[in-house]
Amino acid sequence: MAADSLATAMTNPPPGIPDKPTLDGIETALMQRWETDGVYRFDRTAGREHVFSIDTPPPTVSGSLHIGHVFSYTHTDTIARFQRMRGKAVFYPIGWDDNGLATERRVQNFTGVRCDPSLALNPDFAAPFHGDVPKDHRAIPVSRPDFVELCREITHLDEQSFEHLFRRLGLSVDWSLLYTTIGDRARRISQRAFLRNLARGEAYQQDAPTLYDIDERTAVAQAEMEDRDVPGAYHKLAFHRVGVGPDTDTDTDTGTESGDLWIDTTRPELLASCVAMVAHPDDERYQPMFGTTVRTPLFDVEVPVLAHRLADPDKGTGMAMICTFGDITDVTWWRELNLPTRALIGFDGRFSNETPEWITSPAGQEHYRQIAGLAPKQAQRRTVELLVESGEMLGDARPISHPVKFYERGTRPLEIVATRQWYIRNGGRDAVLRTELLERGSELAWHPPYMQHRYDNWVGGLNGDWLISRQRFFGVPIPVWYRLDAEANVRYDEVLVPTETELPIDPSVDCPNGFTAGQRGAPNGFIGDPDVMDTWATSSLTPQIAGAWEDDPALFANVFPMDMRPQGHDIIRTWLFATIVRGHHEHGGVPWRNASLSGWVLDPDRKKMSKSKGNVVTPIGLLEQYGTDGVRYWAASGRPGVDTAVDEGQMKVGRKLALKILNVTKFVLGFGEPDSGAAATAPLDQAMLSRLDSVVKGCTTAFEGFDYARALEHVEGFFWWFCDDYVELVKARAYGTHDDAGAQSARAALRTALSALQRLFAPFMPFVTDEVWGWWQHGSVHAAAWPTATGLAIDHPSIDHVAAIEPVGEVLALVRRAKTEAKLSQRAAVDRLVVRGPAAALAAIEAARDDLRSAGSIDVVEHEPAGTLTCEIILAPMPDPPPAPAG
RNA sequence: GGGCGCAUAGCUCAGUUGGUUAGAGCGCUUCCCUUACAAGGAAGAUGUCGGGGGUUCGAAUCCCUCUGCGCCCACCA
């Protein structure tokens, strides 16, 4: 390979070497050239076995530009470039994840509007603000179509700045493959996949208790929840045993000896929703009471006392009240104990205004009126006041800190509300499917391998199917309608679906087949599903979207299943898992062969970056200061899967390396071209190439295993040795100061190594390598072939070339040290060098004698046999010091 | 409570199936304007490989155990 490109260079020399090489301005020029020449364009004509396809993560454009983008996308880019140079047609798309709640919130904050789906479209609507919304602005209601249009406008702006950054990173993506998750193709594919899930029974709707964000007014999925420690308080409440007088002995903990039953609760406001009491079946304190009933404080509702294994005798009094619904355990109890539903918190997050029918006593009804319409926090305060008044709360509330479920982007705790939602089966309720999905996880090659534990852990711990419907607006609509009966009631069991050729559709605008627009909402007519799909329900189809599933069967067949899914380890439970679920249902296999997990970027103090901490590092300034290549060098030094701190020191090293590549190229090319057919014949030159062979092998193996960092380590280690020792040793000979044969050998070896080095560095430092490649080669280095072994080691298997060069380097270092210790210039002359050592070492020294003499300014080199390698260095007498300056 | 990862020089980290004297960069010290590079070069100092135990001719590496840090999951009355 090296010889081929060398030959090309010699027959047809390119423009040449600048007098003063610089990194300034090369990025802009090269980016333009790559685009013009289509260097990264996917070759559709390549067969599947020649394709390397990548399921690039589509960044959320509503988020800020983050150094984390630079980090992980660089990792993938190095792999893409390696595969391309190895001759693969690399399918490296890019997409913008623009649909979803994150975008809606950004638009709300950026323009001061809020979507009100009950409003009709206003053709004259204009956003009241544009990026500078006053803090006390009032959310201006807009219609759903107006809101969606605003979202499109703002995401378009965001996408432009993302594209700017991503181009600046030198990513070798094929920009002609750009997609967005709200675009026509994504909507079509997302809806098509959903309809097929529906047809096969993998998607279903269910009216069930659902975790619900009362601020965003939408259901959320298990994967989007997180625990936060928040302050709360235990309140000890008295439930009254039926047929037993009120408790007078307030010392007792449980009240079981008296007429009252005491419980501890953190959510006294849910008292009106209480449906039962529960304790552990083995709890002897309460065993006599199982099967009896008690009356709730304040509301005087009769509820049964039951036993269930999930009740913890050590928590509170050991007895709990079950409400519909305070937490997930309540849902379990409600389901397993067949309890009634007494839900009071509605979609608006407030207690129902209607007094519920299960509160029958006049006093209880009056108490309820005190909390009707309140939000949970206010309702709690009022309830506690009422309990204190009635004497049914024992002592003061005892403050605690406890974990509470939040939507990961939410600000108030999730409530549990019974609603009709759409689900996709993900094994959370089906052991067989769960096993199959765990099996899919094992079919993947994980890089690094231990990341598979996180997948297994998550899939094994699922406790429900995947809730995909969201009561939001800027997303892919759930593509179904429902029949209305003669009274215009919705018949959710009569689902109307479009044909696949109609997709994408918006059921709030389009009509089902056989109906007219006038029948929308009318008796015996239809109504569209108002919800959109969870953003993961669409991004779980990125392989299908990027590969144009069903839209372009030839392309899809050539890229799917993809070779590589790169992503962060924090979204294994969401993006990675969801994509496997969809691939399993639709294609009966894994959507990719390799999953490559990147770590997070930590701030320089090794803390996780987050917007709230304000320690997010933006990349633009760093790119300007150290150059893209310098920043990419830092990124590529982060091992796969390992969280890595922002380290400007490493970027500085990267920039230094880029400069060194520039300078050494100029130097080596400056020796002139070797004659046609010249080869490395000198032992030192062959030894260097032999070492290069092993570097090429090491680099290639590392890249094949997705370990870009190790590949970089290999080439970088060799490169500095090459510059510091090898080039120093042979430069005089290469200039032609010895003899022509030696010069030809050195020049051939230098150019062979230079060519290989530039290509080995190309995946990491795409700009500087392409710049220097252009000085003496044709085309882009990124379209050049990945180096292969030069073959010298195979031609002379009996010679240990690497061992032949080590003693020479060692002696050179000893000479340098002697000069440094004598406080002399490295150019100072050595009168005589006596090398003592083993025969093999002395032979190596002898073979490189002239190179050593030139590099060390040594007059006479002698050697004597000895056990270990030592040197006697006789420096030339110091010249007379210059006369001291007068004064 | 379960799982995963990490602990090596002042700092950031390599160290692959156990194998000579444990490495790199940054930082620090010294020297050198040397015609590829002074935004550079040459050299130098710095280590109980977290603690303890075990296997082995030999352990940073394998096993057990303890400690500390980080992450994920579970628990949420």
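Order of the sequence lines sets the chain letters (A, B, ...), proteins ahead of strands, with each chain counted from 1.
- With A:His447 as the partner, the ring-ring contact (aromatic ring centres under 6.0 Å, His included) test is satisfied by one option alone out of A:Phe703, A:Phe706, A:Tyr708: A:Phe706.
- Between A:Arg710 and B:G15 there is a side-chain N or O to OP1 or OP2 distance below 4.0 Å.
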Could I get a table of every N or O pair under 3.5 Å where one atom is in the protein and the other is in nucleotides 25-27 of chain B?
from: B:C26; atom 1: OP1; to: A:Lys656; atom 2: NZ; distance (Å): 3.0

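- In this structure, A:Gln452 does not reach the B:G5 phosphate: none of its side-chain N or O atoms is under 4.0 Å from OP1 or OP2.
- We find that CD of A:Glu810 is positioned 17 Å from C1' of B:A42, with the value rounded to whole Å.
- Of the C1' atoms belonging to B:G3 and B:A39, the separation is 48 Å, rounded to the nearest Å.
- Among the protein residues, A:Ala311 comes within range of the nucleic acid bases, having at least one heavy atom under 4.0 Å from a base atom.
- Backbone-only engagement by A:Glu713 is indicated by non-hydrogen atom pairs under 4.0 Å involving sugar-phosphate atoms exclusively.
- Contact annotation: A:Lys20 side-chain N/O to B:A36 OP1/OP2 distance is not under 4.0 Å.
- In this structure, the side chains of A:Leu211 and A:Met225 come closer than 4.5 Å at one or more pairs of heavy atoms.
- Residue A:Arg816 places at least one side-chain N or O closer than 4.0 Å to OP1 or OP2 of B:A43.
- Under 4.0 angstrom from either OP1 or OP2 of B:C73 there lies at least one side-chain N or O belonging to A:Arg573.
- Residue A:Arg454 is classed as a sugar-phosphate contact, given heavy-atom separations below 4.0 Å to backbone atoms only.
- Contact annotation: A:Thr329 side-chain N/O to B:C76 OP1/OP2 distance is under 4.0 Å.
- Between B:G50 and B:G70, the distance separating the two C1' atoms is 16 Å to the nearest Å.
- Summarising the local packing, CG of A:Asp282 is surrounded by more than 12 heavy atoms from other residues, nucleotides or ligands at distances under 6.0 Å.
- Taking atom CG of A:Leu824 as the reference point, atom C1' of B:A43 lies 13 Å away to the nearest angstrom.
- Contact annotation: the side chain of A:Trp720 approaches that of A:Leu657 to within less than 4.5 Å [non-hydrogen atoms, C-beta and beyond].
- Nucleic acid contact class of A:Asp264 (heavy atoms, under 4.0 Å, all strands): sugar-phosphate only.
- If you check every strand for non-hydrogen atoms under 4.0 Å, A:Asp724 touches sugar and phosphate atoms only.
- A:Tyr735 has a side-chain polar atom (N or O) that falls below the 4.0 Å cut-off from OP1 or OP2 of B:A36.
- Counting any heavy atom pair closer than 4.0 Å across all strands shown, A:Lys666 reaches no nucleic acid atom.
- Put simply, A:His569 has no side-chain N or O that comes within less than 4.0 Å of OP1 or OP2 on B:C4.
- Put simply, A:Arg267 has no side-chain N or O that comes within less than 4.0 Å of OP1 or OP2 on B:A77.
- The base of B:A36 sits with one of its N or O atoms less than 3.5 Å from a complementary donor or acceptor on the side chain of A:Glu728.
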